[in-house]
K.L.:
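Sharing a structure below in structure tokens format, with a few things to ask.
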Amino acid sequence: MMINKKDIRTVGKWCERNDVTVFQDCSGKYVIESEFNMAYNKPVIEEFKRKYGKEWNKFYMRAENGNLHLSLAEEQKMIAQKRYQPKSKWSQGILESIKK
């Protein structure tokens with residue numbers, strides 16, 4: 001993942017603002033990739049926590065893999081299931097056969 005900046009000083013300031021440690025050795029400056037990814041994705045993670053609550057991690061992993069649309073279909077199915085609850089056993093059987 002790359003920060004779309006041309007000036008290394010801007011990148012350094014971004015890392016400082018986002019609490020990403022910049023290390024330096026004889027080959028140059030570097031950061032720990034997982035720490036950078038965490039800071040870079042933090043706004044998205046916070047939004048997913050707000051939006052999806054306890055299920056945020058499942059939605060986040062699907063978004064990372066490009067499969068967030070599967071979550072939408074699943075969410076709509078869950079909403080539909082909550083709307084109508086059949087009372088008779090016959091109606092429950094029909095609903096179960098539709099779900100499959």
Side-chain angles (χ1 to χ4, degrees):
M1 186 155 318
M2 301 285 279
I3 299 177
N4 193 18
K5 303 292 180 195
K6 294 180 181 177
D7 189 354
I8 192 72
R9 293 173 295 187
T10 306
V11 175
K13 288 177 187 175
W14 184 92
C15 288
E16 187 177 316
R17 281 193 315 272
N18 290 284
D19 201 28
V20 176
T21 306
V22 178
F23 298 96
Q24 185 171 358
D25 63 8
C26 59
S27 64
K29 294 182 180 183
Y30 64 95
V31 297
I32 298 171
E33 185 177 1
S34 58
E35 185 179 9
F36 171 82
N37 288 336
M38 172 67 177
Y40 190 81
N41 291 317
K42 190 174 184 178
V44 175
I45 291 169
E46 289 174 356
E47 177 63 17
F48 275 47
K49 284 182 178 181
R50 184 193 67 75
K51 204 174 206 179
Y52 303 113
K54 293 178 183 177
E55 298 286 319
W56 74 269
N57 195 28
K58 177 175 76 172
F59 287 91
Y60 177 73
M61 294 306 291
R62 284 185 178 170
E64 284 283 300
N65 295 327
N67 295 323
L68 193 56
H69 63 283
L70 298 175
S71 298
L72 180 61
E74 183 179 305
E75 187 176 331
Q76 289 173 342
K77 184 178 177 182
M78 288 172 55
I79 290 169
Q81 288 175 352
K82 290 179 183 177
R83 276 193 223 150
Y84 174 71
Q85 294 297 323
K87 301 206 186 303
S88 71
K89 291 188 182 208
W90 181 77
S91 298
Q92 288 174 354
I94 290 175
L95 185 62
E96 287 300 318
S97 67
I98 293 171
K99 287 181 187 177
K100 295 176 184 178

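Values below: every heavy atom of this structure, side chains too, minus hydrogens, waters and symmetry copies. In this chain, numbering begins with 1 at the start of the sequence shown.
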K.L.:
Is there a donor-acceptor pair closer than 3.5 Å between any side-chain N or O of Asn18 and the backbone N or O of Val20?
P.N.:
no
K.L.:
Could you report the tightest heavy-atom contact between Lys29 and Gln24, atom names first, then the distance?
P.N.:
CE-OE1, 3.8 Å
K.L.:
Would you say Glu35 has more than 12 foreign heavy atoms packed within less than 6.0 Å of its CD?
P.N.:
yes
K.L.:
Met38 and Tyr60: same hydrophobic cluster, using ILVMFWY side-chain contacts below 4.5 Å?
P.N.:
yes
K.L.:
Is it true that, when you exclude Asp19 itself, more than 12 heavy atoms of the residues, nucleotides or ligands shown sit nearer than 6.0 Å to its CG?
P.N.:
no
K.L.:
Using the six-membered ring wherever Trp is involved, compare the ring planes of Phe48 and Tyr52 and label them parallel, tilted or perpendicular (cut-offs 30° and 60°).
P.N.:
perpendicular
K.L.:
Please round to the nearest 0.5 Å and tell me the distance separating atom CZ of Phe23 and atom SG of Cys15.
P.N.:
11.0 Å
K.L.:
For Glu46, check side-chain contact (heavy atoms from CB on, under 4.5 Å) against everything at least two apart and list the hits.
P.N.:
Lys42
K.L.:
Find the distance between OG1 (Thr21) and OH (Tyr30) and round it off to the nearest 0.5 Å.
P.N.:
10.5 Å
K.L.:
Calculate, to the nearest 0.5 Å, the distance between atoms CG and NZ belonging to Asn57 and Lys49 respectively.
P.N.:
9.0 Å
K.L.:
How many angstroms lie between CD1 in Ile45 and CZ in Arg50, if you round to the nearest 0.5 Å?
P.N.:
15.0 Å
K.L.:
Checking Arg17 now: which residues fulfil side-chain contact (heavy atoms from CB on, under 4.5 Å) with it, not counting sequence neighbours?
P.N.:
Lys13, Trp14
K.L.:
Would you give the length of the straight line joining atom CZ of Phe59 to atom NZ of Lys51, rounded to the nearest 0.5 angstrom?
P.N.:
9.5 Å
K.L.:
If we ignore hydrogens and angles and just use 3.5 Å, is the side chain of Asp7 paired with the main-chain N or O of Arg9 as donor and acceptor?
P.N.:
yes
K.L.:
Grab the two heavy atoms, one from Ser91 and one from Ser88, that are nearest each other, plus how far apart they are.
P.N.:
OG-OG, 2.9 Å
